[in-house]
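The next block holds one structure in the form of structure tokens; read it before the comments.
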Amino acid sequence: MKVNVLPAGYHIENFSTLLTAVARQYSDLLSESEITLHRRFAECSYEAKSLYVRLLTRKGPLFRIDKIQYQDIKTPRDALAELRLLNLVRENPPAETEELCHLFTKAELLRLVTVTGASDSKLQPHKQLQQLRKPDLIATIDEHFCRDQLSAIITSAYPYVAPAYTEEFETYRICFFGNDRQDLTEFVITDLGHLKYESYPLNKSVRYFTDRKQIENQLAYSRLRQQLLDKSISEDANTLFILANQLPEPNQHPALERRYQNLMNTVARQLERLDAYEQALTLYRRCQQHPSQERQARILKKHAEFEASLALCTELKNSTHPEEKEFALRFIPPLEKALGIASTSATGHSQPLAANHPIIQTDLTLPKSELSVELSTAIALSSPTQDCYYVENTLFCSLFGLLFWDIIFTPIRGAFINAFQRGPLDLFSEHFYRDRKIQIDQRLDQLQSDQWQSTVIHHFETRQGIANYFVNWAVINATLLEHCFTSIPRTHLQKIFQQILQHPGFFSSGFPDLIRFHRTSSPDTRYDLIEVKAPGDKLQANQKRWFQFFAQHQMPAQVLWIKWQDHD
DNA sequence: ACCGATCACACAGGT
DNA sequence: CGAAGACTGG
DNA sequence: ACCTGTGTGATCCCAGTCTTC
Ligand SMILES: [Mn+2]
Ligand SMILES: [Mn+2]
């Protein structure tokens with residue numbers, strides 16, 4: 001791939017762009033110190049700016065002054081002095097032993113430890129310390145060294161700095177992107193040409209966060225997410241419980257609501273692993289989002305609270321979340337049995353997934369190969385009269401993305417908040433269709449004739465390589481599109497797209513592995529879908545759902561059970 | 001909703 | 001030693 | 001031998017450098 005060259009000082013430009021955009025859009029919601037960051041940064045010389053951005057975007061959090069070296073910073077000491085004067089950088093701030101240790105390589109640490117006498121008498125000899133892995137070595141040092149003494153040694157021999165206003169920048173980042181996963185590298189990735197984003201107008205008068213409390217909440221959620229990566233926190237049930245409990249509840253913000261509930265589920269699940277079931281239950285009860293209720297039901301059953309578990313499951317039978325509903329139907333019978341009551345389900349021995357239409361299942365014996373089962377099977381099923389492709393979700397999702405491209409990127413209110421999105425914020429929700437119904441219905445009508453093909457081709461040609469959650473450019477190509485045009489009936493596609501539209505989040509996965517096109521001239525259905533199952537594998541819930549759908553609408557789909565050929 | 005989601009796969013414990 | 005991992009800059 | 005649940009790895013810019021084991 002061709003890679004562009006970035007102009008000198010690109011990182012400063014990007015950083016300024018970000019700060020300025022947020023300072024304009026959120027001026028009334030920013031704190032005193034956040035505004036100070038913007039103002040002071042603007043006052044800096046080029047070299048000071050450059051250094052500050054470098055430090056801020058690196059992991060650190062501490063940096064040895066003697067290691068600071070950049071092409072574009074001729075006088076790092078001056079840059080540092082300037083930053084220190086503006087309080088944008090702190091010199092030798094107090095730090096945890098672990099952070100201090102990260103200033104050095106393992107070899108340097110060993111030398112430091114044995115040369116200086118700042119340890120207590122129990123420190124092991126050099127030879128043994130060398131055997132330790134670095135994290136363990138640091139833990140040992142933490143145990144046997146007085147932090148202040150260590151710190152004194154390091155600050156005199158190896159002075160270090162840390163960028164200040166990191167929390168303030170976090171606020172800018174959150175406000176700019178609306179999430180905590182994107183950062184300044186987005187600018188670089190797009191400028192280099194590794195990724196192209198669609199261009200859409202951004203309405204600066206619509207803000208993602210409407211009050212300060214929402215910003216604070218998002219910051220708190222990001223912080224907890226970070227903390228969960230830390231083993232010393234995620235292994236300690238009490239700490240986990242306390243952190244989750246003191247998390248502020250979201251206020252009037254669907255996305256924050258989702259993140260809050262996600263966190264609750266994640267922490268509660270971790271508490272389950274630590275056998276802290278009471279605390280897990282408490283957290284699960286603070287949210288409705290899948291799989292909270294399911295986990296509660298399981299915990300209750302595990303502790304023989306069958307009535308309570310059954311009560312929960314009975315509610316879940318009406319859940320709009322397909323997997324939750326399926327869980328309830330599966331989980332209730334054993335519960336009823338344990339309670340000694342007769343089955344309440346009207347269908348008796350209820351088999352919710354055993355549809356009216358049976359799933360076609362076939363066996364195939366293959367020699368074992370280096371390639372994946374799916375690929376081997378695709379090759380085995382290809383012939384002069386048949387072309388078989390391993391596409392999984394990508395084919396129908398890509399067709400969907402291409403057909404609806406312009407509608408997906410229609411700038412409806414609040415859907416686009418930064419320049420680096422692969423789709424509108426509500427793309428995967430049930431509201432995507434509802435809020436664009438007229439446009440979408442019109443587009444679906446194109447499937448009454450071959451008109452839809454021109455729309456797909458048009459977007460395929462003009463939007464080539466542009467990021468879209470639904471389009472996988474690595475898989476889709478003109479040949480594949482042509483196959484689809486000639487071999488898949490329009491009615492089938494219409495049904496599939498309507499299903500995806502019901503809830504793009506639930507129905508954009510679970511498609512069969514392979515599609516096979518038949519070069520026969522007879523009927524208009526000249527394709528079939530094949531889910532490959534190697535020995536030991538089985539249909540997943542979302543795959544079952546699609547198979548039910550295919551059966552209902554008489555679309556050709558089958559499960560192909562692979563057996564390995566004996567080779568002697 | 002691309003550092004969580006999505007696959008396949010491997011294993012444990014129950015029946 | 002050589003491969004894998006962490007981190008960084010573009 | 002079956003079922004279900006749970007946990008794991010790979011993948012999602014890329015290349016160069018230093019560090020670790
Ligand atoms: Mn698959
Ligand atoms: Mn498969």
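So that the names make sense, note that chain A is the first sequence line, chain B the second, and so on, each numbered from 1.
Taking atom P on both nucleotides, D:dT11 is separated from C:dA6 by 15 Å, rounded to a whole Å. A distance of about 16 Å separates the C1' atoms of C:dG5 and D:dA10, rounded to the whole Å. For the C1' atom pair drawn from D:dC13 and B:dC3, the interatomic distance equals 15 Å after rounding to whole Å. Taking atom C1' in both D:dC21 and C:dC1, the straight-line distance is 11 Å, to the nearest Å. The separation of D:dG9 from C:dA4, taken at their P atoms, amounts to 15 Å, rounded to a whole angstrom.
Phosphate contact (OP1/OP2 of D:dG5, side-chain N/O of A:Arg295, threshold under 4.0 Å): absent. Put simply, A:Ser509 has a side-chain N or O that comes within less than 4.0 Å of OP1 or OP2 on B:dC7. A close approach under 4.0 Å does not occur between any side-chain nitrogen or oxygen of A:Arg330 and OP1 or OP2 of D:dC3. For A:Arg269 and D:dG7, the shortest distance from a side-chain N or O to OP1 or OP2 is below 4.0 Å. Side-chain N/O atoms of A:Arg54 include one lying less than 4.0 angstrom from OP1 or OP2 on C:dG10. A sub-4.0 Å separation between OP1 or OP2 of B:dA8 and a side-chain N or O of A:Gln543 is present. Contact between the side-chain N/O atoms of A:Lys538 and the OP1/OP2 oxygens of D:dC2 is not found at any separation under 4.0 Å. Between B:dA1 and A:Arg259, no contact under 4.0 Å exists linking OP1 or OP2 to a side-chain N or O. Between A:Asn542 and B:dC7 there is a side-chain polar atom (N or O) within less than 4.0 angstrom of OP1 or OP2. In this model, the phosphate group of C:dG9 is approached by a side-chain N or O of A:Tyr70 to a distance below 4.0 Å at OP1 or OP2. Under 4.0 angstrom from either OP1 or OP2 of B:dC7 there lies at least one side-chain N or O belonging to A:Asn393.
Distances were taken from every side-chain heavy atom of A:His194 (C-beta onward) to each of C:dG10, B:dC9, B:dA1; the shortest belongs to C:dG10. Residue A:Lys533 places its side chain closer to B:dA8 than to any other of D:dG5, C:dG9, B:dA8. The side chain of A:Leu192 lies closest to C:dG10 when the candidates are B:dG4, C:dG10, B:dA1. Distance from the side chain of A:Phe63 is smallest to C:dT8 among B:dC9, C:dT8, C:dG10.
Contact record, A:Ala95 with A:Glu99: CB-OE1, 3.5 Å, taken as the closest heavy-atom pair. When every heavy atom of A:Glu198 is checked against every heavy atom of A:Trp405, the shortest pair comes out as OE2-NE1, 2.7 Å. What you find for A:Leu381 and A:Leu364 is that their closest heavy atoms are CD2-CD2, 4.4 Å.
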>> Go through it in stages, so that I can follow the logic: the residues are A:Glu272 and A:Gln279, the test is side-chain contact (heavy atoms from CB on, under 4.5 Å), and I'd like the CA-CA distance, side-chain angles, deciding distance and then a yes or no.
In response: CA-CA 8 Å; A:Glu272 280 190 73; A:Gln279 297 174 324; over 6 Å; no
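Note that A:Lys301 lies in the cation-pi zone of A:Phe331, set by a 6.0 Å cut-off to the ring centre and a 45° limit from the axis. Both tests do not hold together for A:Arg516 against A:Tyr389: distance to the six-membered ring centre under 6.0 Å, angle to the ring axis within 45°.
Here A:Gln182 lies out of heavy-atom contact (under 4.0 Å) with every strand. Residue contacts for A:Gly510: at a heavy-atom cut-off of 4.0 Å it reaches the sugar-phosphate backbone alone, with no base atom in range. Using a 4.0 Å heavy-atom distance criterion, A:Pro135 is classed as a sugar-phosphate-only contact. Using a 4.0 Å heavy-atom criterion, one finds that A:Val5 contacts no nucleic acid atom at all.
Counting to the nearest Å, the P atom of D:dA15 and the CG atom of A:Leu6 are 15 Å from each other. Put simply, CG on A:Asp537 is 15 Å from C1' on D:dC3, counting in whole angstrom units. With rounding to whole Å, A:Leu110 atom CG is found 10 Å from D:dC21 atom P. Here D:dG5 presents its P atom at 13 Å from NZ of A:Lys302, a figure rounded to the nearest Å. Rounded to whole Å, atom P of C:dG10 lies 11 Å from atom CZ of A:Arg58. For the pair A:Arg273 CZ and D:dG5 C1', the computed distance is 12 Å after rounding to whole Å. Counting to the nearest Å, the P atom of B:dT6 and the CZ atom of A:Phe428 are 9 Å from each other. In this entry the distance linking CG of A:Leu132 with P of D:dT20 reads 13 Å, nearest Å.
Checked by distance alone, A:Ser508 brings a side-chain donor or acceptor within 3.5 Å of a matching partner on the base of B:dA1.
Position along DNA chain D of the nearest nucleotide to A:Lys106 versus A:Arg298 favours A:Arg298 as the more 5'-ward residue. Ranked by how close their nearest DNA chain B nucleotide is to the 5' end, A:Arg422 and A:Asp513 are led by A:Arg422. When each of A:Gln540 and A:Lys337 is assigned the nucleotide of DNA chain B bearing its nearest heavy atom, the one mapping closer to the 5' terminus is A:Gln540.
By the 4.0 Å N-to-carboxylate-O rule, A:Arg111 lies too far from A:Glu108 to be salt-bridged with it.
At a threshold of 4.5 Å between non-hydrogen side-chain atoms, the residues A:Asp191 and A:Asn14 count as touching.
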